[in-house]
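Please read these numbers as outputs of a predicted model, since none were measured by experiment.
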Amino acid sequence: MRRQNLYDYKLPPNWERGDSFIIETFWVIIFKPIVSSFIPGSSWRKLVLTIFGAKFGKSVRLNIGLKVKFPWKLIVGDFSWIGEDTWIDNIELVSIADNVCISQGVYFCTGNHNYKKMSFDLIANPIKVDSHAWIGAKSIIGPGYKIGKGSVITLGSVIKKDIPPNTILKNNRIFKI
């Protein structure tokens with residue numbers, strides 16, 4: 001029977017939360033709830049996230065309900081859209097290139113736990129989305145994966161491997177465009 005011993009839990013070597021405790025506290029208590037609110041508007045969301053270290057290109061759209069764990073580990077390129085209720089759970093860098101459409105309710109998960117070890121160690125890896133990709137609503141992208149240039153991820157997909165450029169992922173099968 002598999003058991004875990006959380007007493008022996010370990011973080012990855014050299015892993016850092018990123019910013020100072022004070023800045024993270026301000027982010028979590030005051031600004032994170034404001035950014036994820038129902039108040040419409042991209043410009044003010046970009047401003048707040050930029051103050052906390054996120055990097056944005058030109059004409060980025062950020063919709064209501066956006067959740068970002070660590071803004072200082074987020075890069076979004078020019079003319080990209082992030083849909084309602086997207087959750088960027090970025091304990092590692094999430095990099096979204098130019099002209100990317102992230103549909104509603106997409107979940108970016110940059111961390112997981114090693115279930116094979118009793119100590120349940122954290123595994124953290126960045127996620128990269130190349131330009132001109134479209135990620136369909138309610139999709140989940142796992143830690144360490146790359147979505148190739150011009151790829152389409154269909155509704156409700158679960159990304160558990162790198163997606164090659166110019167392909168469609170549908171029902172966990174990859175098709176060439």
Side-chain angles (χ1 to χ4, degrees), residues 12 15-19 27 31-32 35-36 39-112 123-177:
W15 183 79
E16 294 180 17
R17 298 178 77 84
D19 236 314
W27 168 248
F31 293 99
K32 185 177 179 183
V35 167
S36 63
I39 302 167
S42 288
S43 298
W44 69 268
R45 278 188 175 83
K46 284 187 340 191
L47 176 64
V48 170
L49 288 163
T50 301
I51 289 168
F52 282 90
K55 293 177 177 65
F56 293 102
K58 296 180 281 192
S59 297
V60 172
R61 289 188 185 180
L62 304 174
N63 284 298
I64 64 173
L66 172 63
K67 289 189 224 171
V68 178
K69 182 144 201 143
F70 296 146
W72 46 91
K73 292 185 178 192
L74 176 63
I75 300 171
V76 181
D78 298 339
F79 308 106
S80 290
W81 300 352
I82 299 179
E84 294 176 8
D85 300 321
T86 295
W87 183 2
I88 303 174
D89 194 356
N90 58 333
I91 61 174
E92 283 295 340
L93 181 67
V94 169
S95 176
I96 299 167
D98 300 339
N99 292 292
V100 171
C101 179
I102 309 293
S103 296
Q104 300 84 350
V106 172
Y107 177 53
F108 290 83
C109 180
T110 59
N112 204 347
I123 301 166
N125 290 296
I127 293 173
K128 182 175 184 190
V129 181
D130 281 341
S131 61
H132 305 282
W134 176 20
I135 301 174
K138 300 293 184 181
S139 293
I140 300 170
I141 304 167
Y145 298 115
K146 178 181 176 182
I147 311 287
K149 182 177 183 177
S151 293
V152 176
I153 308 302
T154 61
L155 177 75
S157 294
V158 178
I159 307 303
K160 298 186 281 188
K161 60 184 172 185
D162 287 343
I163 305 301
N166 300 308
T167 58
I168 297 173
L169 178 73
K170 183 175 182 180
N171 299 328
N172 291 324
R173 294 179 54 206
I174 294 177
F175 301 92
K176 199 77 174 148
I177 295 179

(message) Nearest 0.5 Å, please: how far is NZ in K128 from CD1 in I147?
(response) 12.0 Å
(request) Kindly compute the distance separating NZ (K67) from NZ (K32), expressed to the nearest 0.5 Å. (result) 7.5 Å
(request) Check the pair I64, R45 against side-chain contact (heavy atoms from CB on, under 4.5 Å), reporting the backbone distance first and the verdict last. (result) CA-CA 9 Å; I64 64 173; R45 278 188 175 83; 3.7 Å; yes
(message) Side chains of I88 and I102, heavy atoms from C-beta outward: is any pair under 4.5 Å?
(response) no
(request) Could you go through the side-chain contact (heavy atoms from CB on, under 4.5 Å) check for L66 and L49 one step at a time? (result) CA-CA 11 Å; L66 172 63; L49 288 163; 4.1 Å; yes
(message) Between D98 and D78 (side chain of the first, backbone of the second, donor and acceptor by atom type, cut-off under 3.5 Å), is there such a pair?
(response) yes
(request) Count the heavy atoms of every other residue, nucleotide or ligand shown that sit under 6.0 Å from NZ of K176, and state whether that count exceeds 12. (result) yes
(request) Output the distance between atom OG (S59) and atom CZ (F79), rounded to the nearest 0.5 Å. (result) 4.5 Å
(message) Between S36 and G65 (side chain of the first, backbone of the second, donor and acceptor by atom type, cut-off under 3.5 Å), is there such a pair?
(response) no
(request) Output the distance between atom CZ (F70) and atom CG (N90), rounded to the nearest 0.5 Å. (result) 7.5 Å
(request) Indicate the atoms forming the closest heavy-atom contact of Y145 with D162, along with that distance. (result) CA-OD1, 3.4 Å
(message) Using every non-hydrogen atom in the two residues, find where L62 and S42 come nearest and quote the distance to one decimal.
(response) N-OG, 2.7 Å
(request) Flag yes if more than 12 heavy atoms outside K46 fall under 6.0 Å of its NZ atom; otherwise flag no. (result) yes
(request) Would you check if the side chain of S103 reaches a backbone N or O of K138 as a donor-acceptor pair within less than 3.5 Å? (result) no
(request) Mark yes or no for whether S151, through its side chain, and I168, through its backbone, hold a donor-acceptor pair below 3.5 Å. (result) no
(message) Determine whether a donor-acceptor pair (N or O, by modelled atom type, separation under 3.5 Å) exists between the side chain of S80 and the backbone of A97.
(response) yes
(request) Give a yes or no on whether W81 atom CH2 has more than 12 heavy-atom contacts from other residues, nucleotides or ligands under 6.0 Å away. (result) no
(request) Check whether more than 12 heavy atoms from other residues, nucleotides or ligands sit under 6.0 Å from atom NZ of K69, and answer yes or no. (result) no
(message) Quick one, F108 and I96 - any side-chain contact, counting heavy atoms below 4.5 Å?
(response) yes
(request) Decide side-chain contact (heavy atoms from CB on, under 4.5 Å) for W44 and I39; before the verdict, give the C-alpha distance in whole Å, the side-chain angles of both, and the deciding distance to 0.1 Å. (result) CA-CA 10 Å; W44 69 268; I39 302 167; 3.9 Å; yes
(message) Looking at every non-hydrogen atom in both residues, tell me the closest pair between K170 and T154 and how far apart they are.
(response) CA-OG1, 3.4 Å
(message) Please find the pair of heavy atoms, one from H132 and one from K149, that lie closest to each other, and give the distance.
(response) CD2-CE, 4.0 Å
(message) Using modelled atom types and a 3.5 Å cut-off, is there a donor and acceptor pairing between side-chain atoms of S157 and backbone atoms of N172?
(response) no
(request) Look up atom CD1 in I141 and atom CG in D89, then write down how far apart they are to the nearest 0.5 Å. (result) 12.5 Å
(request) Supply the atom-to-atom distance L169 CG to I153 CD1, rounded to the nearest 0.5 angstrom. (result) 5.0 Å
(message) Using only atom types and a distance under 3.5 Å, with no angle test, would you say the side chain of T110 pairs donor to acceptor with the backbone of I91?
(response) yes
(request) With the side chain counted from C-beta on, respond yes when I174 and P164 share a heavy-atom pair under 4.5 Å apart, and no when they do not. (result) yes
(request) Indicate yes or no: at least one non-hydrogen side-chain atom of V35 is less than 4.5 angstrom from one of W27. (result) yes
(request) Of all the heavy-atom pairs spanning G156 and S139, show the shortest one and how long it is. (result) N-OG, 3.7 Å
